[in-house]
Number of protein chains: 2
Amino acid sequence: MNKNITMKDIADKLGVSKVTVSKALNDKDGVSEELKIKIKMVAEDMGYRYNALAKSLKVSNSYNIGVIIAERFTGDNRSFYLTFYQYISRILEEYHYSAILNILDSKDEERLNLPRIYNQRKVDGFIILGQVNKGYIELLQNIEMPIIFLDFYDEHIDIDTIITDNFYGAYEITNYLIKNGHRQIGYVGNLNATSSIQDRFLGYYKSLLEHRIKLNEEYIINDRDEKGKFIDLKLPDELPTAFVCNCDMIAYNLIKKLNDKGYKVPEDCSVVGFDNDIYATISDVKITTVEVDMEEMAKTAVRCIIEKMKNTNEKYGRISIKGNIVFRNSVKSL
Amino acid sequence: MNKNITMKDIADKLGVSKVTVSKALNDKDGVSEELKIKIKMVAEDMGYRYNALAKSLKVSNSYNIGVIIAERFTGDNRSFYLTFYQYISRILEEYHYSAILNILDSKDEERLNLPRIYNQRKVDGFIILGQVNKGYIELLQNIEMPIIFLDFYDEHIDIDTIITDNFYGAYEITNYLIKNGHRQIGYVGNLNATSSIQDRFLGYYKSLLEHRIKLNEEYIINDRDEKGKFIDLKLPDELPTAFVCNCDMIAYNLIKKLNDKGYKVPEDCSVVGFDNDIYATISDVKITTVEVDMEEMAKTAVRCIIEKMKNTNEKYGRISIKGNIVFRNSVKSL
DNA sequence: CTGAAAGCGCTTACAG
DNA sequence: CTGAAAGCGCTTACAG
C-alpha cells in the first residue's frame, strides 16, 4: 500500500504544489501554520516516507559517515573498536547521520585501495578507528572529504585525531594511590613497546615528582619485549606497597603472580590498572582502574566531523580526552 | 579537483553520449569493447567517482541494509552482537551492499517507533540481531520490506530467522564426552530459564538416550533462578565424571567451585561449556566448548535477505546453523 | 504565503 | 553499436 507515495501525491490530494509540501515537511518558512499542519497530517495518513536519497542527490550530501576499522582489530570477540563504533553510530544518529562500517582488508590497506563507499559517494566523511598504515593515512589525507582519526596518533603526520589522555589518567590514578598513603609505588610495562605505555609511565612519573617521591628503578617491571610479546613478570626483591600497571590484563597477571608468591591483594600490596576491560572484574579482587571515556571520545569525533563538513578547512589537531577512574577494591589505604 | 565529475563530463570529453558512458561503466551490452575500455580509462584519469545515490533514486534501491540491535544488548564491552554485526557488514560488502547499524532505544522499542533509516528510505531491508519485543516484531512484520531475524526465535510468530543449533551442539559435545569413556555426566543450567538452556539440555539428553545412559536427576545442577539471577552452584554428593555446562561462564564458575572443594579439572572431573567466549580461555584450564558459528550464521542471513529483496514472498522460516566444537584441555579420557 | 521551472546524476526503454 | 528523451523525488532560487 505505502508504495511510493511522494510529495507530489500529497500535493495533489490537497490541491497545493509539491514545493509547498516540501517546505511544510521540512518546517521551512513560507507556508502558513495551518497548511503546514494539514500537510503533515495528510502525509502521515497516506503513510508517506520521506526519500532521503532524492534530497541527497539534490544537495550532494549522503548524510552517511564511513567508519573504517582495520581488519586486524576485529579478530576477537571482545573488540574494543566495535563498542566504539556503536557509540559513534548512536551519536551520529542524533545529528541525523548514519554510520556505515567498513572493515579494511589487509590487502586493501597494503595496496592503498579506498573503500567502495568512497568511490560510490555513499559517505560524506570518514572516521578512522585505530591505527592504519602510514601510506593509507597519506592516501586518506589527499581525498577531498573530512576525516577524523580516533584512538590513534602519529606524531609525524598532521592529522585531526581524538585520543585518550594516557598521561593524565596515569597521573590521576597514581595521585589516588599517594592520597591513600602509598610512597613506594612500582610501574609495570615496557616503556619502549608502545607510546601508550610510555605516556602512562610519564603520567605516573609526574605524580611521583609532584609529591617529591624518588623514582626507584627496581620498581619498574617489564611485561613484554619490544615487539609486544608478553614475558614472565619478575617481582623486585623488596616489594613496593603498590603497583600501577599499564593495562588491566597485566594487573590481572600481576595479582596472580603476587598470590602465587603468597601475597594478598590489596592487603599486602595494592594494584591498579588501565582500560577497565574484562580483566578488571574477572577475578575475585576487582581492580581499580582508568576507564577510557569512549562515549566522550566518540561524541567529540562526531562533533568534529560534522563541523568539518560545514567548514572544510577547520583544523583540530590532537584532542585528548580524559578517562575516568573506576574505584574498586584493589587498593588498600595505609 | 575531483569535484563533481559526472558521466556527462566523460561523455563530452570523448564526444559520445552519457548513455554510452553509463553502459560502459556498468559493463552492459551495447558498447564496443574498445570504446568501453577507452571510457573506463578516461573515467579513471578524470578521477570520476560513480554516484550511487543517483542510481538509487532511479532504481529505488539504496543498497543499504539496516541492522537493528536492541539497546540492552550493547551495554558491555564484549558484546557478542557487535561481532556479529561486523561479519554482516563484511559479507554484505561482497554483495555490494552496506550495513547501517541502528541501536534500538528502549523507548522506541516500547512505543513502536520505527527507525529513522526506515522512514527516510535509507535501507532496503532489515536484519534484526537478537530479541526484540513482541509488539515490535509485529510492527516489523507489517512493513513492506524484507526482514531477517538473527539469533532469535519466537515459536508463536511466523518469522524468518537464523539461529544457532543449540540442540545439536549439546548433543555433539555430550557424544564427545561419551566417546572419551564418560558415563556419569551431569548438566548445569536451569531448564526453565531460557529456551537455549532448555534446548541444550535436550541435546545432552538425546546423547544419553542414544547411548542407553540413564538420566540421573542428582546430576542436574541449577545455576540461576527463573529470572536469570545466578545462584551458588551446589555439587551433588556423588560427583559424576563429567559435566556439560549450558555456557562457558558457568563452566568457569563450576571449575572454580570444584577447585575450592579440592577437585582438579580435568583429572578428577571433566567439564565442557558452550559459546566459546572469553570465559573459556581465561583460567588455567582451557575449556572445551561449542562455538557459535557466527560467520556462517551471518552469511546465511545475508544470503536470505538478498534473496528476499529479489523475491518478496520468499519464505525461510527457522534455519539453524550448527556450531563447532573447540577442543581444549578440560576433558580427560577415561 | 504559494508555486512554476530547472536541475541533482543516473538508468530505462525505445528508436535509429 | 549509439543516443535522445523521459523520469526517479526531491530542493533551490526566483517570481508573483
Side-chain angles (χ1 to χ4, degrees), chain A residues 2-40 42-43 46-64 96 116-124, chain B residues 2-40 42-43 46-64 96 116-124:
Chain A
N2 276 0
K3 275 262 133 118
N4 285 2
I5 303 215
T6 72
M7 289 190 179
K8 183 84 174 57
D9 298 323
I10 300 172
D12 288 351
K13 188 140 193 169
L14 248 38
V16 298
S17 83
K18 57 181 179 169
V19 176
T20 303
V21 174
S22 170
K23 284 174 184 160
L25 260 23
N26 287 294
D27 276 320
K28 294 211 169 147
D29 286 345
V31 200
S32 67
E33 205 50 42
E34 317 170 70
L35 222 200
K36 197 179 272 187
I37 291 170
K38 213 194 301 181
I39 288 173
K40 284 186 179 174
V42 173
M46 296 176 78
Y48 172 70
R49 288 191 294 146
Y50 185 89
N51 190 323
L53 258 27
K55 171 172 186 184
S56 291
L57 181 55
K58 186 68 189 158
V59 302
S60 56
N61 220 201
S62 68
Y63 296 96
N64 292 141
H96 288 201
R116 189 181 53 86
I117 47 173
Y118 169 76
N119 288 316
Q120 300 199 162
R121 298 172 189 258
K122 273 186 121 171
V123 295
D124 303 333
Chain B
N2 274 1
K3 274 262 130 114
N4 285 4
I5 305 220
T6 72
M7 289 189 179
K8 183 85 173 57
D9 298 323
I10 300 172
D12 288 350
K13 187 140 195 170
L14 249 36
V16 298
S17 83
K18 58 180 180 167
V19 176
T20 303
V21 174
S22 170
K23 283 175 186 159
L25 262 22
N26 286 295
D27 277 320
K28 294 210 170 149
D29 286 344
V31 201
S32 65
E33 206 49 44
E34 319 169 67
L35 223 200
K36 197 179 270 185
I37 291 171
K38 212 192 306 180
I39 288 173
K40 284 185 179 175
V42 173
M46 297 178 75
Y48 172 72
R49 289 191 292 146
Y50 184 89
N51 191 322
L53 257 29
K55 171 171 186 183
S56 290
L57 181 55
K58 186 66 190 162
V59 303
S60 56
N61 220 199
S62 68
Y63 296 96
N64 291 141
H96 289 200
R116 189 181 53 87
I117 48 173
Y118 168 76
N119 288 316
Q120 299 197 161
R121 299 172 188 258
K122 272 185 123 172
V123 295
D124 304 332

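Every chain is numbered from 1, with letters handed out A, B, ... down the list of sequences.
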Open item on the list: Side chain of Y50(B) only, heavy atoms from C-beta on: which candidate in dT11(D), dC10(C), dG9(C) is closest?
Closed with: dC10(C)

TODO: Could you check how far CZ of R121(A) sits from P of dC8(C), rounded to whole Å?
DONE: 13 Å

- [ ] Rounded to the nearest angstrom, tell me the gap between atom CE in M46(B) and atom P in dG9(C).
- [x] 13 Å

Open item on the list: Of the listed nucleotides (dT11(C), dT11(D), dT2(C)), which one gets closest to any side-chain atom of L35(A)?
Closed with: dT2(C)

TODO: Could you check whether S60(B) gets within reach of a base, just the sugar-phosphate, or nothing at all, counting any heavy atom under 4.0 Å?
DONE: nothing

Task: Counterpart base for dA4(D), defined by Watson-Crick or G-U wobble contacts under 3.5 Å - done: none

Open item on the list: For K23(B), is there any backbone N or O sitting under 3.5 Å from a side-chain donor or acceptor partner on N26(B)?
Closed with: no

Task: Test item: R49(A) and I5(A) side chains (from C-beta on) under 4.5 Å apart, heavy atoms - done: no

Task: Check: dG3(D) base within 3.5 Å donor-acceptor of K18(B) side chain - done: no

- [ ] Report which part of the nucleic acid L53(B) touches: base, sugar-phosphate, or nothing (heavy-atom distance under 4.0 Å, all strands).
- [x] nothing

Open item on the list: In this structure, how many angstroms lie between the P atom of dG3(C) and the CD1 atom of I10(A), rounded?
Closed with: 14 Å

- [ ] Output the single nucleotide from dG3(C), dC10(D), dT12(D) whose closest atom is nearest the side chain of Y48(A).
- [x] dC10(D)

- [ ] Remember a base hit wins even if backbone is also touched, and classify K36(B) as base, sugar-phosphate or nothing at under 4.0 Å, heavy atoms.
- [x] nothing

- [ ] Describe the nucleic acid contact of D29(A) in one word from base, sugar-phosphate, nothing, applying a heavy-atom distance below 4.0 Å.
- [x] nothing

Open item on the list: Between P on dT11(C) and CD on Q120(A), what's the gap in Å once rounded to a whole number?
Closed with: 11 Å

Open item on the list: Please tell me whether N61(A) and S56(A) have a donor and an acceptor in their side chains that are separated by less than 3.5 angstrom.
Closed with: no

Task: Nucleotide dG9(C), atom P - distance to CG of L57(B) in whole Å - done: 12 Å

- [ ] Confirm from the modelled atom types if K55(A) and dG9(D) form a donor-acceptor pair under 3.5 Å, side chain to base only.
- [x] no

Task: N51(B) side chain near dC8(C) phosphate (N/O to OP1/OP2, under 4.0 Å) - done: no

Open item on the list: Does dG9(D) have its OP1 or OP2 closer than 4.0 Å to a side-chain nitrogen or oxygen of T6(A)?
Closed with: no

Open item on the list: Of the listed nucleotides (dA13(D), dG3(D), dC10(D)), which one gets closest to any side-chain atom of V19(A)?
Closed with: dA13(D)

- [ ] Check if the side chain of K23(B) and the base of dG3(D) share a donor-acceptor pair of N or O atoms closer than 3.5 Å.
- [x] yes

Task: Side chain of T20(B) - closest among dT11(C), dG3(D), dC10(D) - done: dG3(D)

Open item on the list: For dA13(D), give the paired nucleotide (Watson-Crick: N1-N3 plus N6-O4 or O6-N4; G-U: N1-O2 and O6-N3; both under 3.5 Å), or none.
Closed with: none

- [ ] Give a yes or no answer on whether the side chain of N51(B) reaches the backbone of L53(B) with a donor-acceptor pair at less than 3.5 Å.
- [x] yes

- [ ] Flag this pair as yes if the NZ/CZ of R121(A) is under 6.0 angstrom from the six-membered ring centre of Y50(B) and inside a 45 degree cone about the axis; otherwise no.
- [x] no

Task: Position toward the 5' end of DNA chain D (nearest nucleotide), V16(B) or K8(A) - done: V16(B)

Task: Euclidean distance, atom CG of residue L25(A) to atom P of dT2(C) [Å, nearest integer] - done: 15 Å

Open item on the list: Expressed as a whole number of angstroms, how long is the span from K28(B):NZ to dT2(D):C1'?
Closed with: 16 Å

Open item on the list: Please report the distance, rounded to the nearest Å, between CG in D12(A) and C1' in dG3(C).
Closed with: 13 Å

TODO: Start with the C-alpha gap between Y48(A) and L25(A), add the side-chain angles, then the distance that decides, and say whether side-chain contact (heavy atoms from CB on, under 4.5 Å) holds.
DONE: CA-CA 11 Å; Y48(A) 172 70; L25(A) 260 23; 3.7 Å; yes

